[in-house]
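Okay, structure first, notes after.
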Amino acid sequence: MLSEKLLNEINKQIKYELESAHYYVAMEAYFDSQDLPGFANFFKVQAEEERFHAQKFYDFVYEMDGDVELTGLELVGKEFDSCVDVFKKALEHEKFVTSRIYELMEIAEDEKEYATQSMLKWFVDEQVEEENSMKDMIVKLERVEKSPNGLYMLDKELAGRTFTPEAE
Ligand SMILES: [Fe+2]
């Protein structure tokens with residue numbers, strides 16, 4: 001059984017994960033509007049990952065005999081200046097999510113709630129990957145900044161990205 005405090009915070013996290021998905025769909029749309037289908041696909045997959053994260057928290061709540069409470073989603077932003085601007089905003093957003101996961105972990109540690117700590121451990125590792133994938137893309141984009149050909153190649157490469165939830 002989860003404490004009320006922890007349950008509330010996990011419910012908030014479900015909202016944040018779904019808002020992340022929402023934000024990434026806005027990024028997908030930006031790239032589709034720029035005729036960059038590979039980059040759009042990158043964020044389509046990213047949004048799928050976020051829904052998967054939300055589902056993981058959702059499943060955990062019911063495993064722990066809690067109840068999920070949904071609230072309305074907000075769109076974090078939808079104005080972007082350039083390709084690299086999108087990835088910089090995505091990185092900032094992932095950093096925010098990481099700080100949220102750490103807050104949850106701190107509460108679970110204070111409460112000696114080991115099941116929650118174990119579940120969160122997966123997210124701690126996942127956030128390292130999420131931040132790194134955004135950082136990688138920023139480096140790649142800065143490298144091809146003034147080369148339409150480089151951008152085209154990168155777009156082609158990203159078209160192949162697919163969502164594969166890892167086996168647990
Ligand atoms: Fe996430």
Side-chain angles (χ1 to χ4, degrees), residues 2-3 5-32 38-64 66-80 83-109 111 113-141 158-168:
L2 295 168
S3 71
K5 182 179 182 186
L6 204 46
L7 181 60
N8 278 342
E9 292 303 315
I10 293 175
N11 268 318
K12 266 194 227 164
Q13 192 63 29
I14 292 173
K15 172 181 150 66
Y16 289 134
E17 298 294 343
L18 293 173
E19 277 179 353
S20 299
H22 216 39
Y23 197 21
Y24 292 148
V25 173
M27 294 180 179
E28 178 191 355
Y30 170 80
F31 284 115
D32 269 321
F39 285 95
N41 179 59
F42 178 96
F43 281 102
K44 181 179 170 213
V45 171
Q46 199 64 35
E48 285 170 5
E49 278 191 16
E50 298 307 335
R51 286 184 211 104
F52 175 70
H53 294 168
Q55 189 67 48
K56 259 179 116 75
F57 281 113
Y58 177 106
D59 291 342
F60 182 74
V61 166
Y62 283 104
E63 278 167 23
M64 299 296 281
D67 270 315
V68 166
E69 269 188 50
L70 292 177
T71 55
L73 300 184
E74 277 166 49
L75 185 53
V76 187
K78 57 176 183 174
E79 303 301 329
F80 307 106
C83 295
V84 75
D85 179 51
V86 177
F87 285 92
K88 284 183 175 167
K89 285 179 173 151
L91 176 60
E92 279 318 298
H93 186 68
E94 287 301 335
K95 284 183 178 170
F96 162 73
V97 174
T98 301
S99 72
R100 276 288 313 169
I101 300 286
Y102 288 4
E103 277 174 43
L104 285 172
M105 188 62 107
E106 278 162 27
I107 299 169
E109 281 176 356
E111 295 186 6
E113 222 308 298
Y114 297 113
T116 304
Q117 290 175 35
S118 170
M119 179 274 294
L120 287 171
K121 175 77 176 54
W122 183 90
F123 281 97
V124 170
D125 296 340
E126 176 72 4
Q127 283 310 117
V128 175
E129 274 180 42
E130 297 284 53
E131 287 190 23
N132 275 334
S133 94
M134 297 306 171
K135 283 181 210 156
D136 274 3
M137 287 302 305
I138 292 168
V139 170
K140 282 181 182 169
L141 274 168
L158 294 175
R161 187 184 191 216
T162 54
F163 176 56
T164 40
E166 66 299 314
E168 286 181 71

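In this chain, residues are counted from 1 in sequence order. Atoms within each ligand, like the ligands themselves, are counted from 1 in listed order.
E9 meets the side chain to side chain donor-acceptor pair (under 3.5 Å) test with K12, R100; sequence neighbours excluded.
Just one of Y16, Y24, W122, F163 meets the ring-ring contact (aromatic ring centres under 6.0 Å, His included) condition when paired with H53; it is W122. When each of F57, F52, Y102 is paired with F123, the ring-ring contact (aromatic ring centres under 6.0 Å, His included) condition holds for F57 and for no other.
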Going through the checks in order, is the side-chain hydrogen bond (donor to acceptor under 3.5 Å, both in side chains) test met by Q117 and E109?
-> CA-CA 7 Å; Q117 290 175 35; E109 281 176 356; 5.6 Å; no
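Across E79 and D85, no two heavy atoms sit closer than the pair O-OD2, 4.3 Å.
Looking only at protein N/O/S atoms, the ones less than 2.8 Å from the Fe ion (ligand 1) make 3 in total.
Side-chain contact between M119 and T116 is present, with heavy atoms from C-beta onward closer than 4.5 Å.
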